[in-house]
Amino acid sequence: MAGHSKWANIQHRKGRQDEKRGKVWTRITREIIVAARQGGGDVAMNPRLRLAIDKAKAANMPADNIKRNVDKATGNLDGVTYEEIRYEGYGIGGAAIIVDCMTDNRVRTVAEVRHAFSKHGGNLGTEGSVAFQFKHCGQLVFAPGTSEDKVMEVALEAGAEDVVTGDDGSIEVLCTPADFEAVKAALEAAGLAAEIAEVTMRAENTIALAGDDAARMQKLLDVIEDLDDVQDVFHNAELDE
């Protein structure tokens with residue numbers, strides 16, 4: 001269960017996201033609306049909505065805002081209709097990129113995403129061109145120094161698929177999206193708080209980029225992430241700072 005450490009890149013990604021907190025409420029609002037529209041407003045019966053509301057609370061979104069967005073989605077209030085779109089493409093050095101969007105204007109969104117790729121050294125691909133390089137899964141990452149034995153015991157007992165220990169001592173727990181909440185709850189009950197806990201698209205293999213290539217890739221990612229309709233960006237590049 002040993003594996004290459006992704007701690008530095010994961011922390012870097014988390015840091016970049018933290019710098020963009022101005023967009024967080026907008027993105028969470030869209031996620032709540034889509035989750036509630038698709039699965040209903042009852043959090044007990046809608047795991048995706050539960051995760052979205054957890055994100056909202058972690059971002060200090062007021063309860064009234066959360067309720068209002070659920071009501072919009074379930075027809076109790078008028079609201080904008082968003083659709084989910086996934087784009088796939090290539091970045092610097094052939095790195096794979098997945099861009100998840102929520103939009104009320106598909107034409108605008110694809111134009112903006114295509115422009116971001118082409119202007120900054122990437123190429124927008126076709127559906128399925130890079131998705132096979134990623135796995136949809138639950139991911140919980142623990143800082144170096146966390147007890148590997150304890151994490152492994154609790155995680156596997158709770159239904160995790162794998163526990164990957166990095167070279168620097170960081171620990172990554174992987175599970176199916178359906179088991180994510182149960183695994184996260186079991187670990188938290190055991191006093192194990194993950195630095196990052198999310199359902200994500202995890203790259204099966206990575207491409208190392210350094211120097212100018214790493215800087216160009218980061219610029220491309222920043223431009224894509226700053227687009228209004230973009231919810232999440234996943235890639236398989238390991239960037240050398």
Holding to side-chain contact (heavy atoms from CB on, under 4.5 Å), I want the full list of residues that pass it with [X], two or more places apart in sequence or in another chain.
X: E157; result: none
X: H115; result: K119
X: S118; result: none

Problem set entry | Qualifying salt bridge (Lys or Arg N to Asp or Glu O under 4.0 Å) pairs with a residue from residues 121-132, counting only residues at least two apart or across chains |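 Checked against salt bridge (Lys or Arg N to Asp or Glu O under 4.0 Å) - neighbours excluded - no pair reaches residues 121-132.
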Donor-acceptor contacts, no H, no angles, side chain residues 51-63, under 3.5 Å, sequence neighbours left out:
none

Problem set entry | Interatomic distance, K135 atom NZ to E204 atom CD [nearest 0.5 angstrom] | 6.5 Å
For this session: Quick one: list whatever passes side-chain hydrogen bond (donor to acceptor under 3.5 Å, both in side chains) with R30, sequence neighbours left out.
Result: D229
For this session: Quickly, which of E83, E84, E112 forms a salt bridge (charged side-chain N to carboxylate O under 4.0 Å, His left out) with R106? Name it, please.
Result: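 With R106 as partner, salt bridge (charged side-chain N to carboxylate O under 4.0 Å, His left out) holds for just one option, E83.
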For this session: Can you see which heavy atom on R108 is nearest to which on N105, and at what distance?
Result: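 Of all heavy-atom pairs spanning R108 and N105, the closest is N-OD1, 3.0 Å.
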Exercise. Step by step, would you call T200 with Q139 a side chain to side chain donor-acceptor pair (under 3.5 Å)?
Worked result: CA-CA 7 Å; T200 188; Q139 179 191 53; 4.9 Å; no
For this session: Evaluate whether atom CG of N205 has more than 12 neighbouring non-hydrogen atoms of other residues, nucleotides or ligands under 6.0 angstrom away.
Result: no
Exercise. Within the side chain of N46, is there an N or O that forms a donor-acceptor pair under 3.5 Å with the backbone of G40?
Worked result: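 Checked: pair present.
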